[in-house]
Structure formats: structure tokens, C-alpha cells
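Atom set for the values below is all heavy atoms of this structure, side chains included, hydrogens, waters and symmetry mates excluded. The structure presented is a predicted model; accordingly, all values stated were derived computationally and were not measured. For this chain, numbers begin at 1 and follow the sequence in order.
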Amino acid sequence: MTARALLGCGALALAACTTLPAVPAASSGAGAGGAGGAGGAGGVAGAVGMGGQIMGSGGATGSGGLSGAGGAVAKTVSFAATPTTTVLQGSFATDTTAGAIALGDVDGDRRVDLVVQSAPLAAQVFLNNGGGQFFSTTPAATFQSGNGSTTTVSSLAAGDIDGDGKTDLAFSLTLGIGGGLPGPLEVLPFLNTGGGAASRFFASMPAATLQFGSMSADSTTSFALGDIDGDRKVDLAVVNAPSTVGPSAGTLTVSTYLNTGGGATAKFFATTAATSSTFPAQSQGGNTVAPSMGLGDVNGDGLTDIALLTSVDPNSGDVGVSFYLNNAGGAAAKFFATQPALLFQATGQAASVPSAIALGDVNGDGKADLAILGAATGDGATFDVFVYVNTSR
């Protein structure tokens with residue numbers, strides 16, 4: 001059974017609603033838009049109460065999208081029980097798994113588009129056509145880095161890294177030195193040239209080479225982009241593989257590296273993490289790899305929240321996603337709440353194991369929707385993306 005079988009089986013039933021903790025008073029102003037927006041991470045700076053909040057999507061994910069379109073802060077977080085499904089036509093390298101997705105307004109039309117990893121340092125861009133299935137089924141362009149690297153890519157993300165109002169693309173590489181010894185995480189940002197599909201949207205060479213932290217050589221490290229600290233600059237968050245030993249066993253950490261606004265010369269982000277948030281780890285079929293993650297404003301308060309793909313059962317295809325709200329406490333409070341606001345549970349099929357998530361305002365209603373990738377492998381394989389519309393009120 002391929003990922004397409006998910007649709008035919010009526011799969012992925014969702015438990016959708018829960019009560020949220022109280023929202024800080026400072027966050028509940030009219031139009032959770034972040035006072036003019038963060039440039040919409042997709043090209044056009046939002047007016048007060050319109051546009052603006054960067055949508056994260058990691059691992060699956062990246063940033064981009066328009067949020068904060070006005071209205072009260074949601075008291076509950078919920079998603080539609082039935083997903084909208086898009087069957088996308090792949091053109092993948094042999095035996096390559098489409099294992100990472102990101103959402104962001106790549107072409108600057110104020111609609112959130114889909115980016116899918118198709119090979120090491122390569123991705124396909126599927127434009128949002130405003131229709132019921134959200135995305136075109138064939139890619140508008142295939143991006144390929146010109147540096148010729150064949151290093152395994154652990155994740156990709158999208159967001160306005162350099163603050164020019166255009167959504168950029170970044171890949172991450174895990175540079176462990178072997179034998180389980182730690183090595184740095186390398187992130188390569190490719191800036192949006194504004195040239196459209198003819199130029200494949202992004203520059204073919206990275207604007208800088210960034211290195212963060214020290215990661216296990218045999219772990220898969222996911223990252224995402226989003227304005228975590230509310231300064232209207234896109235920050236970077238890295239999720240580390242869950243610890244299996246010591247007092248922190250059974251937990252995972254997310255390290256936040258703030259955008260300094262220094263541009264490519266300063267390599268965009270601080271090299272020291274502002275803070276590390278701790279979350280409970282859940283079973284992923286016995287594996288302890290870092291989960292796919294997403295960043296986005298799920299409750300409309302203008303603050304970027306975090307979602308973690310915390311459980312995947314490869315036998316049944318069941319999936320769990322945990323949402324933690326941004327508590328506006330800053331680095332001292334480690335940005336995110338320690339208790340989940342929503343535990344998302346979806347039931348899949350054994351041959352269609354979800355592999356990645358992304359957050360972004362796909363339907364343009366000002367709230368971050370959830371996208372789940374149904375993995376597929378093989379040369380020229382197709383795969384499915386399931387979009388669960390945010391129905392929070």
C-alpha cells in the first residue's frame with residue numbers, strides 16, 4: 001500500500017480539541033498579527049493586525065505564511081477531523097524518501113506554498129493554487145544546490161532569513177564524526193532571488209555556512225524557522241534526539257538560536273543558543289531519533305508556537321503530534337509552555353507511515369494549519385500530503 005492508500009481507506013481520524021491555558025494579557029490585542037507583521041515571510045509586510053506572523057514548519061517544516069488576520073485569541077485549539085489530501089507527482093532520485101516538507105510563500109503571491117525534499121540539497125516547489133486541494137499536483141520548479149554535496153540531509157525549512165520580505169530555503173546536515181561521537185549541525189541557507197520559477201526561486205549557492213551545537217553522529221536532527229521571540233526576525237530552532245541515559249532520559253530538547261539581523265556576513269543567527277526547552281519524548285517505533293517539528297501561531301495570539309511529531313508507529317501508521325504554546329516569557333522562560341495544549345492523534349495505515357509535519361496558514365484564514373507527509377520511496381514515486389485545517393476558536 002502506498003501513501004495514496006491513506007485516502008482510500010478513510011484514514012487519519014483525528015482527536016481535535018482541547019482547552020488551552022490562559023493567554024497572557026499582553027498577547028490578546030485585536031488582530032493577533034504582531035503589530036504590522038513580520039513581513040509575512042512571504043514577501044509583503046502586513047499592516048497592523050493583518051498578515052505578519054511567521055509560520056514555522058520544520059522537519060518537515062519551515063516558516064512562511066500569513067497569520068494574525070484579526071479577531072480574538074482562540075480559547076481552544078482544534079483541527080478538522082477530515083484532512084484535505086493532495087496527491088503530488090514526484091520526480092525523486094532512486095530509493096530517495098520524501099522525508100521533509102516546509103510551508104512558505106515562495107513566489108510572493110501571499111499564498112503559502114509547499115516545499116518537499118526530493119534529494120540531498122534538492123527540493124521541489126508546489127505552488128498554492130487557491131483551490132480545494134490547496135497545492136498544484138506538479139512542481140513549479142525543482143531546486144538543486146550547485147555545491148554538489150551528497151551529504152545526507154536531515155531536514156529543510158523555509159522562512160525570511162535575511163528580512164527582505166522573501167521566503168528563503170535552508171537545509172541542515174548532521175556532521176557527526178562517526179562512532180557515535182558528536183559533531184556540529186550545519187545549516188545552509190539559500191536566499192530567494194525573486195526570480196520566480198524560471199530561476200527555481202532560490203540562489204544555487206548558500207549565502208553562508210552555519211554551524212550550531214554538537215549533535216550525535218547517528219541521530220537525525222530536525223530544525224525549523226520562525227519568529228520565536230517576537231522581534232519580527234526569523235529565528236532558528238533545533239530539536240535534538242531524545243536522551244536515553246542520565247537524569248534527562250526520556251526527554252528531548254529544542255535549542256533556540258536567535259536571528260541577530262547581521263546578515264550573511266554575520267551568518268544571520270547567534271552561534272550560542274538563547275535557551276533550550278525540554279519536552280517529553282514519546283515512542284517512535286522504538287527509535288530515538290529527533291522528531292520532525294513545526295513552528296506557527298496555532299491559537300492566533302501573534303506568538304509562534306511549536307509542534308512536535310512525537311510518535312510514529314511504523315506497523316500501524318498511527319501518528320501523534322504535540323502542540324506547545326509560546327508563553328511570551330522570553331528566553332528566561334524558555335519560550336514555550338512545558339505542558340502540551342493539544343495532543344493530536346491520527347490513525348493511519350501500515351504501508352503509509354507519516355514521516356514529517358509542517359505548519360503554515362494554507363487556507364489564508366490567519367491560523368496555522370497542519371500538514372502531514374505520507375512518505376513514499378522509489379524512482380518517480382508519488383506521495384500524499386494531508387492538510388488538517390485549523391478550526392480553533
Criterion side-chain hydrogen bond (donor to acceptor under 3.5 Å, both in side chains) on Thr253 and Thr278, from CA distance to verdict: CA-CA 4 Å; Thr253 60; Thr278 301; over 6 Å; no
Stepwise side chain to side chain contact (heavy atoms under 4.5 Å, CB included) test for Asp297 and Thr304: CA-CA 5 Å; Asp297 181 7; Thr304 298; 5.6 Å; no
Step by step, work out the side chain to side chain contact (heavy atoms under 4.5 Å, CB included) result for Val115 and Leu169. CA-CA 9 Å; Val115 184; Leu169 186 67; 3.9 Å; yes
Before giving the answer on side chain to side chain contact (heavy atoms under 4.5 Å, CB included), spell out for Leu191 and Phe202 the whole-Å C-alpha distance, their side-chain angles and the decisive distance to 0.1 Å. CA-CA 5 Å; Leu191 300 183; Phe202 308 103; over 6 Å; no
Output, in order, the C-alpha distance, side-chain angles, deciding distance and verdict of side chain to side chain contact (heavy atoms under 4.5 Å, CB included) for Asp369 and Leu359. CA-CA 6 Å; Asp369 307 305; Leu359 291 179; over 6 Å; no
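Between atom CG of residue Leu121 and atom OG of residue Ser204 there is a gap of 11.5 Å, rounded to the nearest 0.5 Å. Atom CD1 of Ile161 sits about 8.5 Å away from atom CG of Asn259, to the nearest 0.5 Å. Distance check: Phe79 CZ to Leu370 CG gives 5.5 Å after rounding to the nearest 0.5 Å. Here the CG-CG distance, from Asp305 to Leu325, works out to 4.5 Å after rounding to the nearest 0.5 Å. Between the CG atom in Leu303 and the CG atom in Asn327 there is a gap of 8.5 Å [rounded to 0.5 Å]. One finds the CE atom of Met293 at 6.0 Å from the CG atom of Leu308 (value rounded to the nearest 0.5 Å).
When each of Phe268, Phe223, Tyr257 is paired with Phe212, the ring-ring contact (aromatic ring centres under 6.0 Å, His included) condition holds for Tyr257 and for no other.
Considering only heavy atoms from C-beta on, Pro83 comes within 4.5 Å of Tyr388 through its side chain. Side-chain contact check for Val385 versus Leu88: some heavy-atom pair is nearer than 4.5 Å. Looking only at side-chain heavy atoms (C-beta outward), Thr209 and Glu186 come within less than 4.5 Å of each other. Side-chain contact between Leu188 and Leu210: absent, with no pair of heavy atoms (C-beta onward) separated by less than 4.5 Å. Between Thr137 and Val87, the closest side-chain pair of non-hydrogen atoms is not below 4.5 Å. Counting heavy atoms from C-beta outward, Val125 and Leu114 have side chains that stay 4.5 Å or more apart. In this structure, the side chains of Leu373 and Phe383 come closer than 4.5 Å at one or more pairs of heavy atoms. Taking the side chain as every heavy atom from C-beta outward, Ser155 and Phe171 never approach each other to under 4.5 Å.
In this structure, the side chain of Lys367 does not engage the main chain of Gly300 through any donor-acceptor pair within 3.5 Å. Listed for the Asp301 side chain is no donor-acceptor partner under 3.5 Å among the backbone atoms of Val73. Using modelled atom types, one side-chain atom of Asp105 and one backbone atom of Arg110 make a donor-acceptor pair closer than 3.5 Å. Here the side chain of Thr260 pairs a donor or acceptor atom with the backbone of Gly262 at under 3.5 angstrom. Put simply, the side chain of Asn390 gets close to the backbone of Ala368: a donor and an acceptor are under 3.5 Å apart. Although no hydrogens or angles enter the test, the distance criterion places no donor-acceptor pair under 3.5 Å between the side chain of Asp162 and the main chain of Gly263. Side chain of Asp168 to backbone of Asn192: a donor-acceptor contact under 3.5 angstrom is found.
Taking the six-membered ring where tryptophan is involved, the planes of Phe279 and Tyr324 are tilted, since the angle between them lies from 30° to 60°.
The distance between the ring centers of Phe134 and Phe126 does not fall below 6.0 angstrom. In summary, the aromatic rings of Phe201 and Phe143 are positioned with their centroids too far apart to meet the 6.0 Å limit.
Among all heavy-atom pairs drawn from Asp107 and Arg111, the shortest one is OD1-O, 4.5 Å. Closest approach of Asp113 and Val106 over heavy atoms only: OD2-N, 2.9 Å. Residue Ser172 comes nearest to Leu185 through the heavy atom pair CB-CD1, 4.0 Å, listed as atom of the first residue, atom of the second, then distance. Nearest approach of Leu156 to Ala123, heavy atoms of both residues: CD2-CB, 4.3 Å. Closest approach of Ser355 to Ser292, counting heavy atoms only: O-CB, 4.3 Å. Between Phe135 and Val362, the shortest heavy-atom distance links the atoms CZ-CG1, 4.0 Å.
Judged purely by distance below 3.5 Å, without hydrogens or angles, the side chains of Thr310 and Ser322 pair a donor atom with an acceptor atom. For the residue pair Ser255 and Ser276, a side-chain donor N or O sits within less than 3.5 Å of a side-chain acceptor on the partner.
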